[in-house]
S.K.: 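Sending over a structure as structure tokens; questions will come in a sec.
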2 protein chains.
Amino acid sequence: MAKDLKSKETKSEALDPLDAFLCFAVYSTGHAFNRFYKPRLDALGLTYPQYLVMVLLSAEDDQTVGDICEKLFLESNTLTPLIKRLEASGYVTRRRDAEDERIVRVSLTAQGKRIAKKAACVPAQTLEALDLPAGDLAELRRVLITVREKLQAADRS
Amino acid sequence: MAKDLKSKETKSEALDPLDAFLCFAVYSTGHAFNRFYKPRLDALGLTYPQYLVMVLLSAEDDQTVGDICEKLFLESNTLTPLIKRLEASGYVTRRRDAEDERIVRVSLTAQGKRIAKKAACVPAQTLEALDLPAGDLAELRRVLITVREKLQAADRS
DNA sequence: AGCGATTAAATCGTGCACGATATAAATAGG
DNA sequence: CCTATTTATATCGTGCACGATTTAATCGCT
């Protein structure tokens, strides 16, 4: 009872002990985003991480697997099979760089570009559904990125 | 080049187009938390979601699978095997309710209680590593939970 | 030139997350 | 009662995430 800063025990059972944890707020909100996006992305034949790759390639085509890894903070062991599935769907092509055969370059197909264009409107739908001041959301985003950077820095040390 | 509100192009390559997305900030920060927690939880023989279950059971022992599902916003198809792995680790027991044989009740073992106690200090270490004002983090948590609730509400409609 | 170190992707095994479905127990209605 | 429905949990298949390892190409050094 000592460090109970927020006397939010209006309900008998108090609230989830987990809601006291920032990590759980992030974790559970991530799942909520995923569930919100899922039906919209299903319609385009994409999963959420696949959608992120499509967004990256829309911004800059013909990126290497390593580029994509770095931007998504994921490893090749996650992205290689994911990108192969995008290739199997006909949304991207993969080819070895002629200069350096170690490197694989990923490009959007014509179909991939169409899908990416359709996918581009999903975030706007989300913001609308959230119905929160744009400034609050921008601030939330900013603080989250700060937290991410601090965690990454702590992780490397 | 038109809609570039934030002239953050100090670097040649501009920044991730993804950092403009709240969903990606949440997604990537979730991974960063996971990576930060991992070595600390590995030492206790727990994964992150397993850790969450241990926290829940520490707060209130002998909960049903359904209780845990509801609090973590996860389904039984995720939690049943996870809890079985906790059982295999010797941290919890599972038994059918005598009154209603459909229900499975989960309790911490003595060893499980010891592990949960050790795990309890991990969030504090995290906050320390974050080195951000406690008020900012509380606000972040609050806004995230609001966003989660809005997404869940939009999902049900 | 030659060869050890580094680098880029890929492979493998484990656990999480979820849609779809199954099983079995409890409840409801006729 | 006895069958239909509902409820609680579990099973199955797919894709993501990651640690550990592998493969193959390039680099660095003498």
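Here is how names work: the chains are called A, B, and so on, in the same order as the sequence lines, proteins then strands, and each is numbered from 1.
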S.K.: Nearest to the side chain of Val65(B) - dA10(D), dA20(D), dA17(C)?
M.R.: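 Nearest to the side chain of Val65(B) among the choices is dA10(D).
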
S.K.: Just how far, in rounded Å, is P of dA9(C) from CZ of Arg96(A)?
M.R.: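 From Arg96(A) CZ to dA9(C) P: 8 Å.
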
S.K.: With a non-hydrogen cut-off below 4.0 angstrom, is Leu79(A) in contact with a base, only sugar-phosphate, or nothing?
M.R.: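 No contact at all - Leu79(A) keeps every heavy atom at 4.0 Å or more from the nucleic acid.
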
S.K.: May I ask you to verify whether the side chain of Ser76(B) and the base of dA8(D) hold a donor-acceptor pair under 3.5 Å?
M.R.: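 When only heavy-atom distances are counted, Ser76(B) does not reach the base of dA8(D) through any donor-acceptor pair under 3.5 Å.
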
S.K.: What is the separation between atom CG on Asn77(A) and atom C1' on dC12(C), rounded to the nearest whole Å?
M.R.: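 My rounded result for the distance is 10 Å.
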
S.K.: Does Lys84(A) place a side-chain N or O at less than 4.0 Å from the phosphate oxygens OP1/OP2 of dT11(C)?
M.R.: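 The answer is yes; a side-chain N or O of Lys84(A) sits under 4.0 Å from OP1 or OP2.
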
S.K.: Which one, dA10(C), dC18(D), dT9(D), comes nearest to the side chain of Arg94(A)?
M.R.: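 Among dA10(C), dC18(D), dT9(D), the one nearest the side chain of Arg94(A) is dA10(C).
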
S.K.: Distances under 3.5 Å between protein N/O atoms and the N/O atoms of nucleotides 23-25 of chain C, please, pair by pair.
M.R.:
none

S.K.: Can you check the Asn34(A) CG to dG15(D) C1' distance for me, whole Å?
M.R.: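 Value for this atom pair: 11 Å.
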
S.K.: Would you check if there is a donor-acceptor pair between the side chains of Arg105(B) and Thr64(B) at a distance under 3.5 Å?
M.R.: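 Judged by distance alone, the side chains do not pair up.
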
S.K.: For the side chain of Leu74(A), starting at C-beta, report the closest nucleotide among dC18(D), dT11(D), dG15(D).
M.R.: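 When the side chain of Leu74(A) is considered, dC18(D) is the closest of dC18(D), dT11(D), dG15(D).
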
S.K.: Given dA10(D), dA10(C), dA20(C), identify the nucleotide with an atom nearest to the side chain of Val104(A).
M.R.: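 Closest nucleotide among those given: dA10(C).
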
S.K.: Regarding Thr47(B), tell me which of base, sugar-phosphate or nothing describes its non-hydrogen contacts under 4.0 Å with the strands shown.
M.R.: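 It contacts sugar-phosphate atoms only.
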
S.K.: Ignoring backbone atoms, establish whether Thr64(B) has a side-chain N or O less than 4.0 Å from OP1 or OP2 of dA8(D).
M.R.: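 For dA8(D), neither OP1 nor OP2 has a side-chain N or O of Thr64(B) closer than 4.0 Å.
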
S.K.: Between Ile103(A) and Pro81(B), which is nearer to the 5' end of DNA chain C once each is assigned its nearest nucleotide?
M.R.: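 Nearest nucleotide further toward 5': that of Ile103(A).
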
S.K.: May I have the distance from Gln63(B) (atom CD) to dA8(D) (atom P), rounded to whole angstrom?
M.R.: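 It is 15 Å, rounded to the nearest whole Å.
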
S.K.: I'd like to check the side chain to side chain contact (heavy atoms under 4.5 Å, CB included) partners of Glu101(A); sequence neighbours left out, ordered by chain and number.
M.R.: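 Expected list: Arg96(A).
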
S.K.: Verify the ring-centre separation between Phe21(B) and Tyr27(B): is it less than 6.0 angstrom?
M.R.: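 That pair fails the under 6.0 Å test.
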
S.K.: Whole angstroms only, please: what is the CD1-C1' distance between Ile83(A) and dG15(D)?
M.R.: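 For the pair Ile83(A) CD1 and dG15(D) C1', the rounded distance is 14 Å.
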
S.K.: For Asp42(B) and dA20(D), give me the distance from atom CG to atom C1', rounded to whole Å.
M.R.: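 Atom CG in Asp42(B) sits about 13 Å away from atom C1' in dA20(D).
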
S.K.: Anything under 30° is parallel, anything over 60° is perpendicular, the rest tilted; go ahead and classify Tyr51(B) against Tyr48(B).
M.R.: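 Geometry flag for Tyr48(B) against Tyr51(B): tilted rings.
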
S.K.: Please tell me if Lys38(A) has a side-chain N or O lying less than 4.0 Å from either OP1 or OP2 of dT14(D).
M.R.: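 For dT14(D), neither OP1 nor OP2 has a side-chain N or O of Lys38(A) closer than 4.0 Å.
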
S.K.: Students often get this wrong, so: under 4.0 angstrom with heavy atoms, is Arg105(B) touching a base, only sugar-phosphate, or nothing?
M.R.: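 Nothing, no nucleic acid heavy atom in range.
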
S.K.: When you check the gap from the basic side-chain N to the acidic O, do Glu87(B) and Lys84(B) get nearer than 4.0 Å?
M.R.: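 No, no charged N to carboxylate O under 4.0 Å.
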
S.K.: In plain terms, say whether Arg141(B) and Asp136(B) are close enough for a salt bridge, that is, a side-chain N and a carboxylate O under 4.0 Å apart.
M.R.: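 Result for this pair is no, no salt bridge flagged.
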
S.K.: To the nearest Å, give me how far apart CZ (Arg95(B)) and C1' (dA8(D)) are.
M.R.: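 One finds 16 Å between C1' of dA8(D) and CZ of Arg95(B), rounded.
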
S.K.: Can you measure Tyr48(B) atom OH to dC18(D) atom P for me and round it to whole angstrom units?
M.R.: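 Going from OH in Tyr48(B) over to P in dC18(D) covers 14 Å.
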
S.K.: Side-chain N or O of Tyr27(A) less than 4.0 angstrom from OP1 or OP2 on dA17(C)?
M.R.: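 So the side chain of Tyr27(A) is within the cut-off, an N or O lying under 4.0 Å from OP1 or OP2 of dA17(C).
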
S.K.: Please collect all salt bridge (charged side-chain N to carboxylate O under 4.0 Å, His left out) contacts where either partner lies in residues 108-128 of chain B, sequence neighbours excluded, each pair once.
M.R.: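 Qualifying pairs, neighbours excluded: none.
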
S.K.: Please determine if a side-chain N or O atom of Thr78(A) lies less than 4.0 Å away from the OP1 or OP2 oxygen of dA17(D).
M.R.: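 Negative; the distance criterion is not met.
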
S.K.: For Leu108(B), is there any backbone N or O sitting under 3.5 Å from a side-chain donor or acceptor partner on Asp61(B)?
M.R.: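 Side chain of Asp61(B) to backbone of Leu108(B): a pair is present.
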
